[in-house]
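Report on the structure given below.
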Number of protein chains: 2
Amino acid sequence: MRDDSGERARGPLYRSVAADLREAITAGDYGSGGRLPAESTLAERYGVSRGTVRQALAALRADGLVTSRRGTRRVVLGTTRVQSFAELVSFTTWARSVGEDPGGRVEQLERRAADARESEQLRLEPGAEVVVVLRVRTLSGRPVMVERSVYPVWVGELVARIPADAVSHTEPLQEQGVVFADADHTIDLVLADADDARLLGCRAGEALLRERRRSTDPVGAPVEWSEDRYLPGTVAFTVHNSIAASALSRRHRRPH
Amino acid sequence: MRDDSGERARGPLYRSVAADLREAITAGDYGSGGRLPAESTLAERYGVSRGTVRQALAALRADGLVTSRRGTRRVVLGTTRVQSFAELVSFTTWARSVGEDPGGRVEQLERRAADARESEQLRLEPGAEVVVVLRVRTLSGRPVMVERSVYPVWVGELVARIPADAVSHTEPLQEQGVVFADADHTIDLVLADADDARLLGCRAGEALLRERRRSTDPVGAPVEWSEDRYLPGTVAFTVHNSIAASALSRRHRRPH
DNA sequence: GTGCCGAGGTTGGCTGTACAACTTTTGCCA
DNA sequence: TGGCAAAAGTTGTACAGCCAACCTCGGCAC
């Protein structure tokens, strides 16, 4: 067992086993392409049942850290650190995790009736009210992204109370009990409009990397429908999928 | 139980349960935002143990079809069809699944020593030989993507034997025993170079959506390292992630 | 009506067992 | 030495049971 002294005791058992194994793998203990110990060995080592070890390994498998197939021990696929859900949904959390200094400023905030697409995405009655926020996100003061978010009023009212220059929106929301649990992302390319150009300091018509995102809370209720436009060269999105389980897909758009 | 007459008997039990539930959900049997029956109910309905039902539901959860939290029944998140691993790794499989007519033509195929990045990605000794293929992919004869793939020789030799105008490469490879099991994808934006412009019929310097992908086989050995450049407006990538398990991340690129 | 509390329902987490399916290694035999 | 068959090792699938944590809802007191 790895010596982590602080006996990672909180939370479920399988999580601490997974965390320990993840640490060992990213530290290179088993090498890239190396083999993990057998499940039964790990079970004995950690003093848990094989089922618990399997639960931990399933998480590593989903992260793309190890393979697994019948008959042979697991193989290490890569040793790179895997990011968390929060780092994808929250610009602030992500920026901090890569050592950058994130910032943000609300340019516009209005309350109005939702259009057809918005009410569908947020699963609201047609014409229900929503809060729309236009925000510029920065790294070290340099604008890199424009964010257009749409919230149902029960969330939007909380957002409206956050100071315009607050770094993070998700953190105060979380404190108010709004939890982001699931998110669907669509990534493609879009041309900067006049607003984008002004706010990002680029030319109108220049290509931007676009991420559209719908987030839901643990109950399954949509809490946010957002469109983010990144300056080229500032971010890249990475995904892992496997023949066993996959969540990513490629979508077609017909011309015209 | 849904009447699917053909008793989906092949393969593991939990898969057929998952397939049946997936079908019911996408058919809208429980509605969007509706609640699934309890695990114990499903177990009785399908005549399996609760553990098997949980295994099936875990798959739906990973696909982003349902939520799950302690204390309350599962909620349907969406009813859209989820695509398979193959549809993401193989342009041909994907195109067919959306009702398009895919095509492809090898423009260039060479065998040479790998550069530093290539040998690292394919986990080969520095300077080991690789096979590099430049290929244009079309939908209904219209070029939409340029694909630059690098293979280790044991795969490249098989690729070299495929006719230049073959629609699919992965299918003949699969027949030869080369199986794609895991893949890492990186998605960002890149400017078209002279080759891209010529092959896609766009202007040099125009922005393209880029997907870089490393695929590995079930043993964990890299089999392909590819860079695909799409014309804008032809595809969008979609991802689901959840606070429970996520495989996607956002990567930073420092300026300069 | 409003608020609190408790009962019942539901999923999460963990253990143990058994066997099937598959891979790797061993060892025998020609 | 080479090839083949058996044995050992390992993960996948399925079952059963138990308790904890948590949510929902009804009923009761105020």
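Residue numbers start from 1 in every chain, and the chains themselves are labelled A, B, ... in the order their sequence lines are given, proteins ahead of strands.
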Q: Would you mind reading off the distance between A:Gln55 atom CD and C:dG16 atom C1', rounded to a whole angstrom?
A: 15 Å
Q: Identify whether any heavy atom of A:Arg54 sits under 4.0 Å from a base atom; if not, whether one sits that close to sugar-phosphate; answer base, sugar-phosphate or nothing.
A: base
Q. At under 4.0 Å, does any side-chain N or O of B:Ser68 touch on OP1 or OP2 of C:dG12?
A. yes
Q: Measure from CD on A:Glu39 to P on C:dT15 and round the result to the nearest Å.
A: 14 Å
Q) According to a strict under-4.0 Å criterion, is B:Arg74 in side-chain N/O contact with OP1 or OP2 of C:dG12? A) yes
**Q.** Phosphate OP1/OP2 of C:dT15 contacted by A:Ser49 side-chain N/O (<4.0 Å)
**A.** yes
Q: Identify the two heavy atoms, one from A:Ile162 and one from A:Ser168, that lie closest to each other, and give their separation to 0.1 Å.
A: CG2-O, 4.4 Å
(Q) Rounded to whole Å, how long is the line connecting atom CZ of A:Arg73 with atom C1' of C:dT25? (A) 13 Å
Q.
Check the phosphate of C:dG13 against B:Arg69, side-chain N and O only, distance under 4.0 Å to OP1 or OP2. Yes or no?
A. no
Q | Closest non-hydrogen atom pair, B:Glu87 against B:Trp94 | A | O-CB, 2.9 Å
Q: Ignoring backbone atoms, establish whether B:Arg70 has a side-chain N or O less than 4.0 Å from OP1 or OP2 of C:dT10.
A: no
(Q) Just the rounded figure in Å: distance from C1' of C:dT24 to CZ of A:Arg35. (A) 8 Å
Q. When we call it a touch if two heavy atoms are under 4.0 Å apart, what does B:Arg50 touch: a base, just sugar-phosphate, or nothing?
A. base
Q: Starting from the 5' end of DNA chain C, give me the residue, A:Thr52 or B:Pro37, whose nearest nucleotide shows up first.
A: B:Pro37
Q. In whole angstroms, how far is the C1' atom of C:dG12 from the CG atom of B:Leu57?
A. 13 Å
Q. Are side-chain N/O atoms of A:Asp182 and B:His240 paired as donor and acceptor at under 3.5 Å?
A. yes
Q | Atom-pair distance (CZ on B:Arg15; C1' on D:dT13), nearest Å | A | 11 Å
Q: Over all heavy atoms of both residues, which pair between B:Thr67 and A:Gly220 is shortest? Give the atoms and the distance, please.
A: CG2-CA, 3.8 Å
Q: Write down the atom of A:Val130, the atom of A:Ala113, and the distance for their closest heavy-atom approach.
A: CG2-C, 4.3 Å
Q: Measure the distance from CG on A:Leu42 to C1' on D:dG9 and round it to the nearest whole Å.
A: 15 Å
Q.
Output the rounded distance in Å from OH (A:Tyr46) to P (C:dC14).
A. 14 Å
